[in-house]
Amino acid sequence: MSSGKLQVVGPGDAIADLPDTGEVRVGAGVIAADRLLRTVRAGVPRQTKNRKIWTEGRSKRYAPCVGDNVIGTVIERRSDDFVVDIGGPFAAVLNTLAFEGATRRNRPKLVEGDLVYARVVFAHKDTDTELTCLEVTGKAGGFGPLKGGMSINCGSALSRRLLAVPPAPVLTALGETLKYEIAVGQNGRMWIDAPRSASVVLIANAIERSEFLREDQTRLLVQKLTSHMDRLDDG
Amino acid sequence: MHISQNDRLFILKALKEDIRIDGRNPFDSRKVTVTLGLHNASATVSMGSTRVTTTIVPVLDAPFPDRPNEGTLRFNAEYSPMASSEFEGGRHSEAGMEMIRLLEQVLRNSRAVDREALCVLAGQKVWHLDVNVTVLDHAGNLTDACLLSAVAALMVFRRPEVEINTSNSGSGVARTLVLSPAVREPLPLSLHQLPLSTTFALFGAGESIVIDPTSREEAAASGVVTIIVNTNSDICAIRKASGVGIPLAQVQRLMHLASNRASEMMQDLKEVLQQHEASRVSSRVRRHASAPQQLGATSRSVNMLPPNDISATVQPYQLQEQDSGSGEETSSGEDDMSVGNPVRMIASSAEGVPISSHAQEAQYQEAALQHILTGGRSQRKAAPVDRPVASKKTAIGLQKEPQIDLDFLEGDTDPEKDVLDMRKALQTKNKQWQA
């Protein structure tokens, strides 16, 4: 598969041969079957330099996949873990000890309805998806409970775009005039916080509307929105 | 739908500053677009990302024995899992059943549709209308979207004409002939009133209110009120199933707001219907192939072949014949298809959509960007976009073309006039009784 050219695939399409030696990391929407890598959903196959293959599509649902950063809502508190809704077909579990500095005596105080930014460590169709709020190194690395702010559902395609390197034009354009904090989950959710409610709403709207715009259009959009807010402040 | 505590608190905090999560003011509605089906039997409504479509299926069949000269209206609301992950497929959800009850209450039980006009042959054949409301995308305020799409579909709906033939049947059983729209113009329904709903979400102890809530706002709200108003600004129904209580003064304020919004929506809806009707009429005008294509009705107009080929264009009339008696009495020559089978008159939708030129497309995109930039609050006043109506769509906000002006709503079937007449009749009757 050439990484430069875009090719649209459907469920069941073979996208690559499984190599005899070496390692291939399989991401969302790809399965290995009959020594072939096949897609299980419509989209564009993508590949990173360290041989991870996945397909990128536009979907409002989320199929958990190991290694994804996700934003979830705590829906239940149990003795050993939290049950977290990550927008997948079933809820995921997050161990109470899977937080930085957490011990049996010092557990994170999360309640139903809290937002957490976590990483998927285990995903299988027959068992519960498992999450962690720790990096491989054992540090929090940005994961953990999200305080305040607002979350929005933006769909998988937009969240992938926002996570891309270099950063999406809308994020840099917004950063020029506004101070904000953002967490993007690969489950199509994102969380935004800013000092003012009006800025949070503005950022959320700018990001949602920028999905189908070019870079120059995005800049124009952000410019108009921020100037509109300034006018409101003056008036 | 459950939302996180962060979102709930944020919605409440922002509302204290009169800010809503999608950038609207508390009393701004989302832009409403109505798209009417070319076969005159469906309407799709979109409010922001919420999309609902209604299709009406007429079935010619025997009436219910207790009401031999009345047709029926059957409502069905499908909350498909496609629209939202909170809906389950397969069976009716509680919300879906509630919607069906609401539609029955305001459209059937209020006698909004004249059901006696659906009678073809008393005791033998009446029209049964299946009104199927399908939620395509759920982004809040399904009540308003479902009712508006059902009303729009009922307004655009045309039922086929039926010819009753009693002469050539030996046993006194009348034969009915459903006439193709090409033979005789299908008839609109007679509607006595047109109810439209406005939904408000209440927050806190009911002190802050927003109109046309999104699904997140609905989830965070402490109560939801729906007020249904008809074109005469009469309150048809108020629905408030649960949540915080509201004082009477607040209810009166909401009724005022609802009646304003309903009349606004009805005005837009009538405009769309007028455009639809105009394009429907112009589509029936036969045009020479070399004649310039007219905007607005391009894909539906019939192009004539050159004169020497004219015989090829003459299409045989398609009549659908059906026996009005029971299935056993059918003559042997009848087609199997028609035996006991209700005639389903749904014309196939139009062919291709005309490809607009690149220049027009670019212009449209530019306008669309402008539209985005102006934000939600000024969308209703946005400059009209000059785009050829892509045949299938007649959207609110598109430029109205100077076409045949049809006062189709002012004819004998004017619902408001009917209601006025009814009122007058009632008043005279009351006077007689008093005398």
Side-chain angles (χ1 to χ4, degrees), chain A residues 59-62 71-76 84-85 87-89 91 110-116 145-153 155 188-189 191-194 196-206 208-214 216-218 220-225 227-229 232, chain B residues 1-26 28 30 48-49 51 80-89 136-140 210 214-217 219-220 362 364-379:
Chain A
S59 68
K60 289 199 275 182
R61 307 292 163 87
Y62 172 65
I71 292 174
T73 313
V74 176
I75 50 175
E76 200 187 332
V84 181
D85 166 45
L110 286 177
V111 293
E112 284 90 346
D114 279 355
L115 282 176
V116 280
L146 299 168
K147 297 276 178 233
M150 178 184 80
S151 73
I152 54 172
N153 294 338
R189 291 186 190 174
W191 169 88
I192 302 155
D193 196 13
R196 295 174 51 199
S197 321
S199 338
V200 175
V201 170
L202 185 145
I203 291 159
N205 281 288
E208 276 184 334
R209 289 174 186 179
S210 72
E211 187 171 2
F212 301 108
L213 298 183
R214 293 193 310 267
D216 51 331
Q217 289 173 324
T218 308
L220 190 67
L221 170 80
V222 171
Q223 208 181 329
K224 293 256 168 138
L225 284 174
S227 69
H228 183 71
M229 198 171 79
L232 282 183
Chain B
M1 181 184 181
H2 59 263
I3 60 165
S4 65
Q5 197 63 20
N6 302 45
D7 293 352
R8 191 185 301 273
L9 293 175
F10 182 83
I11 289 172
L12 293 174
K13 189 180 114 195
L15 259 183
K16 294 225 166 74
E17 304 166 34
D18 277 354
I19 300 168
R20 287 171 74 176
I21 46 171
D22 53 3
R24 282 185 281 164
N25 285 327
D28 277 347
R30 289 171 291 183
S49 304
R51 278 201 310 139
S80 71
M82 183 179 72
S84 167
S85 53
E86 68 195 88
F87 300 147
E88 276 176 53
L136 302 175
D137 207 348
H138 174 29
V210 301
T214 62
S215 48
R216 282 158 169 274
E217 283 169 339
Y364 174 70
Q365 279 180 0
E366 205 55 46
L369 177 63
Q370 281 300 318
H371 185 84
I372 287 169
L373 293 177
T374 51
R377 60 197 66 183
S378 56
Q379 272 171 340

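Every chain is numbered from 1, with letters handed out A, B, ... down the list of sequences.
Under the ring-ring contact (aromatic ring centres under 6.0 Å, His included) criterion, Phe87(B) pairs with Tyr79(B), His138(B), not counting sequence neighbours. Judged as a side chain to side chain donor-acceptor pair (under 3.5 Å), and not counting sequence neighbours, the contacts of Asp137(B) are Lys60(A).
When each of Gly87(A), Ser151(A), Pro89(A) is scored by its heavy-atom pairs under 4.5 Å with chain B, the top score falls to Ser151(A). With respect to chain B, the highest number of heavy-atom pairs below 4.5 Å among Gly72(A), Gly149(A), Ala204(A) belongs to Gly149(A). Of the listed residues (Val201(A), Thr73(A), Leu202(A)), the greatest number of heavy-atom pairs within a distance under 4.5 Å of chain B belongs to Val201(A).
Listed for the Glu211(A) side chain is no donor-acceptor partner under 3.5 Å among the backbone atoms of Glu208(A).
Counting heavy-atom neighbours within 6.0 Å of Glu112(A) CD, excluding the residue itself, gives a total above 12. At most 12 heavy atoms of other shown residues, nucleotides or ligands fall within 6.0 angstrom of atom CD in Gln223(A).
For Asp85(A), the part lying near chain B is the side chain, with the backbone staying farther off; criterion is any non-hydrogen pair under 4.5 Å. Looking at Ile75(A), only its side chain comes within 4.5 Å of chain B, counting heavy atoms on both sides. When heavy atoms are compared at a cutoff of 4.5 Å, Leu9(B) does not approach chain A at all. For chain B, the nearby parts of Ser197(A) are the backbone and the side chain; heavy atoms of each come within less than 4.5 Å. Proximity to chain A (any heavy atom under 4.5 Å) is restricted, for Arg20(B), to the backbone atoms N, CA, C and O.
Under the 4.5 Å side-chain criterion, counting only non-hydrogen atoms from C-beta, Arg216(B) is in contact with Asp7(B).
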